[in-house]
Amino acid sequence: VQLQASGGGLVQAGGSLRLSCFASGFTSDDYAIGWIRQAPGKDREGVACIINSPGNTYYADSVMGRFTISRDKDKNTVYLQMNSLKPEDTAVYYCAAFFPGRYSVSTLCESVYGIDYWGKGTLVTVSS
């Protein structure tokens with residue numbers, strides 16, 4: 001299994017970026033993909049996660065209404081559209097995958113628990 005994240009960069013506050021995560025190697029479709037971020041000196045934070053069924057998503061309160069996660073199953077790619085970016089969104093963003101099993105996507109994403117696969121991070125820097 002491989003997760004390839006891309007799309008990070010430098011943007012001014014109020015701007016937008018779109019992150020992409022290409023997933024390969026999965027043999028089933030019952031996995032969730034999420035974005036986990038870590039800012040310097042802070043704990044990891046589950047930003048947004050999605051599983052294959054439409055509407056089954058999770059967003060951290062800190063990004064609700066500004067970020068949108070979506071999944072293109074044909075392209076095996078998950079996107080994170082980030083709008084109205086703030087300096088506090090500055091972090092390394094990691095694409096992660098997990099099989100929820102009997103747990104909810106929200107529970108695992110919020111707690112950053114039970115992650116099965118990690119991609120390399122992509123840096124998002126928001127200047128004030």
Side-chain angles (χ1 to χ4, degrees):
V1 171
Q2 285 192 330
L3 302 171
Q4 295 175 281
S6 61
L10 173 64
V11 65
Q12 288 188 331
S16 299
L17 281 175
R18 189 177 79 160
L19 305 183
S20 301
C21 176
F22 175 71
S24 61
F26 287 97
T27 57
S28 66
D29 201 29
D30 57 347
Y31 61 93
I33 293 276
W35 291 95
I36 313 297
R37 70 184 180 185
Q38 187 162 26
K42 294 188 176 180
D43 292 334
R44 292 181 301 185
E45 176 186 22
V47 175
C49 294
I50 188 169
I51 197 164
N52 55 4
S53 57
N56 195 347
T57 57
Y58 164 84
Y59 293 97
D61 288 343
S62 57
V63 305
M64 187 78 70
R66 300 187 297 121
F67 291 11
T68 303
I69 191 168
S70 60
R71 186 167 185 166
D72 186 331
K73 292 180 67 176
D74 292 336
K75 295 182 179 179
N76 292 331
T77 300
V78 170
Y79 303 98
L80 184 67
Q81 179 66 43
M82 306 185 294
N83 298 328
S84 302
L85 282 162
K86 304 176 181 179
E88 51 263 44
D89 294 318
T90 295
V92 176
Y93 285 70
Y94 298 91
C95 176
F98 54 97
F99 295 90
R102 61 187 179 91
Y103 294 101
S104 71
V105 173
S106 297
T107 296
L108 296 182
C109 193
E110 183 178 15
S111 63
V112 193
Y113 177 79
I115 303 298
D116 295 292
Y117 303 101
W118 291 89
K120 290 184 179 180
T122 184
L123 177 62
V124 172
T125 303
V126 184
S127 63
S128 57

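For reference, positions follow the sequence shown, starting with 1.
- In this structure, CZ in R18 is found 11.5 Å from OG1 in T68, a value given to the nearest 0.5 Å.
- Residues that satisfy the salt bridge (Lys or Arg N to Asp or Glu O under 4.0 Å) test with E45, not counting sequence neighbours, are R37.
- Judged as a side-chain hydrogen bond (donor to acceptor under 3.5 Å, both in side chains), and not counting sequence neighbours, E88 has no contacts.
- Two residues are said to be in side-chain contact when any heavy atoms from C-beta on lie closer than 4.5 Å; Y93 and M82 meet this criterion.
- Note: T90 OG1 to L85 CG = 8.5 Å, rounded to the nearest 0.5 Å.
- Between atom CD1 of residue I36 and atom CG of residue D43 there is a gap of 12.5 Å, rounded to the nearest 0.5 Å.
- For Y58, the side-chain hydrogen bond (donor to acceptor under 3.5 Å, both in side chains) test picks out no residue, with sequence neighbours left out.
- Proximity of a side-chain donor or acceptor of Y59 to a complementary backbone N or O of I69 within less than 3.5 Å is detected.
- The structure places CZ of R71 at 10.5 Å from CG of N56, a figure rounded to the nearest 0.5 Å.
- Here the SG atom belonging to C21 is positioned 10.0 Å from the CG atom belonging to N76, to the nearest 0.5 angstrom.
- Going from atom CZ of F67 over to atom OG1 of T57 covers 14.5 Å, rounded to the nearest 0.5 Å.
- At least one side-chain heavy atom of L3 sits under 4.5 Å from a side-chain heavy atom of I33.
- The closest side-chain heavy-atom distance from C49 to L108 is not below 4.5 Å.
- K42 meets the salt bridge (Lys or Arg N to Asp or Glu O under 4.0 Å) test with no other residue; sequence neighbours excluded.
- Judged as a salt bridge (Lys or Arg N to Asp or Glu O under 4.0 Å), and not counting sequence neighbours, the contacts of R66 are D89.
- For residues 108-128, no pair satisfies side chain to side chain donor-acceptor pair (under 3.5 Å), with sequence neighbours left out.
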